[in-house]
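Remarks on the structure that follows.
Lettering follows sequence order; numbering is per chain, from 1.
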Amino acid sequence: MPEGQAIHRIARLINERFEGADVVASSPQGRFSDGARRLDGLTAGRAEAWGKHFFMPFADGGSFARADNGPSSGMPAGSALQSEEESSSGRLNAKNAIAPGAEHLAETPLGGTSLGDDGPLWLHIHLGLYGRWHFTGEGSDAIVGAGVRSGNHNAVNVGAGSTVRLRLAANGFTADLTGPSRCEILDGPGVRAAVSKLGPDPVRNEPGDRERFVEAVRRRRSPVGQLVLDQSIAAGPGNIYRADCLFRVGISPLRPGNKVSAERLKALWDDLVETMQADVPDGVIRTVPESLRPEPAKASGAKNPDAESADGDDPEAQRFAVYHRTGRPCLRCGTPVAEKEMAGRRLFWCPSCQR
DNA sequence: ACGAAATGTCTAA
DNA sequence: TAGACCTTTCGTT
């Protein structure tokens, strides 16, 4: 369920607990037993997110220590990096081919860690709709990846009938993974292939990303609301950021990509960067613009009485600008928020102030 | 108990 | 476009 910002947070939490440690890996559920066996006893490197994808390197303790001369990463600092020409053209077969226009992505080694054949093993995880990480140890219990309405943080079965696909343990910490749609081990070229399918990630926001995003959208005739969810155009935004960031910058999700001006798309990219990056530290999505935030019910000079009364004390309805607010008054103009299905996903927008 | 929904993606038809 | 999949939670019988 989480969008990209939550995956970046997970990478942070994982690194705080496991980076540089020799990890005990297991699969209580049994569906990842082979993979867990391959990771068990290896040294964890620095995990990273790219959009909703999570990548974590594991190296044999010996080779790991020998190659380590980097300041913080703990992974071989570029030791096995091939030249760019070699790696992008030579190594990739047809199946791993880089999508046209996405070449720059394959050139970007994740965190400077080698993506060569003989580098570390990479744990690759996608949480899909239901995946979660559950952390325990040192009073640091946390669940990351919980759904919009979930507040209940207790149940991870341990024991028979456990749903824990992968458990990592070290330093007195445990990280339990349940319900991922993808959980696999890749080699360097495999990581390259996975990343090459992804567009720029607003949380990473590397140089040139904004232009790549703008051009990718303007190249297509599909509605921009669909393009923002296309992970090859922007990696990380999900249904909430899609709806609410389009609202924040006033673009109608129904407008064809090639009919949105470059200026407005730049503003959209900048807004994705700002909102998603701000949400990484605690993982909570906050998309209601400060100026439109409903004031406490008692306040006398409420600017937006409509919005306030209509949402009442339904907490979920106050968390987002238009997401899940069908029929309630737009926080900006009071027009009822509209909803329709677009490519199988529910879409929310203000038909009046998004043009 | 049961069904629906949920911040997602893939495959087949 | 429809269905499959992975799991949990919430609202309705």
- Item | P-based separation of dC5(C) from dA13(B) [nearest Å] |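 Between the two P atoms, the distance is 14 Å.
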- Distance between the P atoms of dA4(B) and dG3(C), in whole angstroms? 14 Å
- Could you label the plane-to-plane angle of the Phe55(A) and Trp122(A) rings as parallel, tilted or perpendicular, counting under 30° as parallel and over 60° as perpendicular? perpendicular
- Message: Tell me whether the rings of Phe54(A) and Trp133(A) are parallel (<30°), tilted (30 to 60°) or perpendicular (>60°).
- Response: tilted
Once you round it to whole Å, what is the distance between [atom2] of [N] and [atom1] of [X]?
X         : N       : atom1 : atom2 : result
Leu129(A) : dC5(C)  : CG    : C1'   : 9 Å
Glu3(A)   : dT9(B)  : CD    : C1'   : 14 Å
Trp133(A) : dT8(C)  : CH2   : P     : 15 Å
His124(A) : dT9(B)  : NE2   : P     : 11 Å
Leu127(A) : dC5(C)  : CG    : C1'   : 15 Å
Tyr130(A) : dC10(B) : OH    : P     : 15 Å
His126(A) : dC5(C)  : NE2   : P     : 18 Å
Ile233(A) : dT9(B)  : CD1   : P     : 13 Å

- Query: Under the criterion side-chain contact (heavy atoms from CB on, under 4.5 Å), which of Gln5(A), Arg9(A), His8(A), Glu274(A) is the partner of Asp279(A)?
  - Reply: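 Going through Gln5(A), Arg9(A), His8(A), Glu274(A) one by one, the side-chain contact (heavy atoms from CB on, under 4.5 Å) with Asp279(A) is satisfied by Gln5(A) alone.
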- Message: Given 3.5 Å as the limit, does a donor-acceptor pair link the side chain of Glu339(A) with the main chain of Phe348(A), or not?
- Response: no
OP1 or OP2 of [N] sitting under 4.0 Å from any side-chain N/O of [X]?
X         : N      : result
Gln29(A)  : dC6(C) : no
Arg182(A) : dC6(C) : no
Thr178(A) : dC6(C) : no

- How is Gln231(A) classified with respect to the nucleic acid when contacts are heavy atoms under 4.0 Å: base, sugar-phosphate, or nothing? sugar-phosphate
- Please confirm whether Arg332(A) makes a cation-pi placement over Phe247(A), using NZ or CZ under 6.0 Å from the six-membered ring centre and within 45° of the ring normal. yes
- Of all the nucleotides listed (dT9(C), dC6(C), dT7(C)), which has the minimum atom distance to the side chain of Ser181(A)?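 Out of dT9(C), dC6(C), dT7(C), the nucleotide with an atom closest to Ser181(A)'s side chain is dC6(C).
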